[in-house]
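Numbered from 1 within each chain, the chains take letters A, B, ... in sequence-line order.
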2 protein chains.
Amino acid sequence: MGRRSDAREKMLLSAVGLFRRHGIDGTSIGDVIADADAPRGSIYHHFPGGKTQLAEEATRRAGAVMGGAIAHSLAFDGPAATLRLLVEQFRNELRNSDFESGCPIGAAALEGGGTPAARLAAGESFTAWEADIAASLWRAGLPMDRAEAMATTAVAAVEGAIMLGRAQRSTRALDRVETQLIELVEALTAES
Amino acid sequence: MGRRSDAREKMLLSAVGLFRRHGIDGTSIGDVIADADAPRGSIYHHFPGGKTQLAEEATRRAGAVMGGAIAHSLAFDGPAATLRLLVEQFRNELRNSDFESGCPIGAAALEGGGTPAARLAAGESFTAWEADIAASLWRAGLPMDRAEAMATTAVAAVEGAIMLGRAQRSTRALDRVETQLIELVEALTAES
DNA sequence: GTCTATACGAAGATAGAC
DNA sequence: GTCTATCTTCGTATAGAC
């Protein structure tokens, strides 16, 4: 393995990029082919399950990458800094794409009449992020139920703020959510 | 007018219902026709702009209806009760649809490569909700910048929680967000 | 002015050539 | 085993009958 999976990998990355801009339903196989500079039939070679399989794998990949970054930041910098980083990441994504590109997991979460597997993958990613953030808040001194409620609210607020930002063509929602969440987390964890 | 616009109204309502389940891209004109029991060509009679116009009008209608309910509840019951009502509404929607049906405005916000008008309409709805909630929090004694940050966070968190709920097939995220938001709002407005 | 039949194009998937 | 050509289905939109 190594060179053989390059084409496959490229298609997967193209799919993630396109899905976060146009959604899964809004992206055609042809779009992925074109973006990855791949021949037409080859996508069915690497993804025999067709678009369904591609959507699921792309969502799992994106969720794992983001989850890894979150876990890393939590371990090194703590929950408040991690939320800051997360917001900053998405703020840049919105800005650099003229408010076209959002969160690939969020896209998979809302679509998937045709792709229930991608939606399940999105749900698993969200759950993992929530658990990691909750654990970090617990280590910072919060009781577990409170840590869990806070972690879920943080993930939901950031995802929702991306949604608002895309529709409003502004980073204002992300800015406000950042302020509010950071303040709340710092107030709660300061009691240690 | 009156009887004449019945068919049009029915299609609009069908569109809202289908969009919140399958998204805009995931819903075909044929689906709307079937759901509204309308003849095939008639949709282009009432919506000459085709799917684009239908998506925009459906989003505006849904946003106005929800905005009206929010404004009414804010005026009569205050911000905390309104958030409770909003969450309860969406929790029921998720439950009653086996986690298939979410927020129509959220659906329009994330799609619309093909329908930018619907996305703009979604943005305007979000902005209106934020402003109404912020004004209510301000009347409850919060300084305006704080009220605005809180209002935006509340809207974002609820929309995000619907997203998580659909993907996780659970109302847990909405439950936790409700607890967290209510507590926060009551703590802030208790200082009056 | 309502509805039916259909044209035109896009998109998903496959078969077979090289 | 990689890519090209094509088949089929579905979806949008329109033209024209009643």
I need the minimum non-hydrogen distance between A/Q53 and A/F47, along with the two atoms involved.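 Taking A/Q53 first and A/F47 second, the nearest heavy atoms are OE1-C, 3.3 Å.
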
Pick base, sugar-phosphate or nothing for B/G41, based on heavy-atom distances below 4.0 Å to the nucleic acid. base

So what does A/T52 touch, heavy atoms closer than 4.0 Å: a base, only the sugar-phosphate, or nothing? nothing

Protein-nucleotide distance ([X], atom [atom1]; [N], atom [atom2]), rounded to Å:
| X | N | atom1 | atom2 | answer |
| --- | --- | --- | --- | --- |
| B/R40 | D/dC10 | CZ | P | 12 Å |
| A/D6 | D/dG1 | CG | P | 17 Å |
| B/F47 | D/dG11 | CZ | P | 19 Å |
| A/H46 | D/dG1 | NE2 | P | 11 Å |
| B/I33 | C/dT2 | CD1 | P | 14 Å |
| B/I43 | D/dT12 | CD1 | P | 9 Å |
| A/K51 | C/dT14 | NZ | C1' | 18 Å |
| A/Q53 | C/dA13 | CD | P | 11 Å |

Look at the side chain of B/T171 and the backbone N and O of B/L174, then say whether any donor-acceptor pair between them is shorter than 3.5 Å. no

OP1 or OP2 of D/dA13 versus the side-chain N and O atoms of B/Y44: is any pair under 4.0 Å? yes

Look at A/H45 and D/dT2 and indicate whether a side-chain polar atom (N or O) is within less than 4.0 Å of OP1 or OP2. yes

Name the orientation class of the two ring planes belonging to B/F76 and B/H72 (parallel below 30°, tilted from 30 to 60°, perpendicular beyond 60°). parallel

Can you check whether B/T82 reaches B/I133 side chain to side chain, under 4.5 Å on heavy atoms?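 No, side chains not in contact.
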
Counting side-chain heavy atoms from CB outward, which of D/dG11, C/dT2, D/dC3 is closest to A/P39?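 Nearest nucleotide to the side chain: D/dC3.
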
Between D/dT4, D/dT12, C/dG1, which one does the side chain of B/I29 approach most closely?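 Of the candidates, D/dT12 comes closest.
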
With a 3.5 Å cut-off and no angle check, do the side chains of B/Q180 and A/E148 form a donor-acceptor pair? no

In terms of the nearest nucleotide of DNA chain C, which residue is placed more toward the 5' end: A/P48 or A/D31?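 The residue closer to the strand's 5' end, by nearest nucleotide, is A/D31.
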
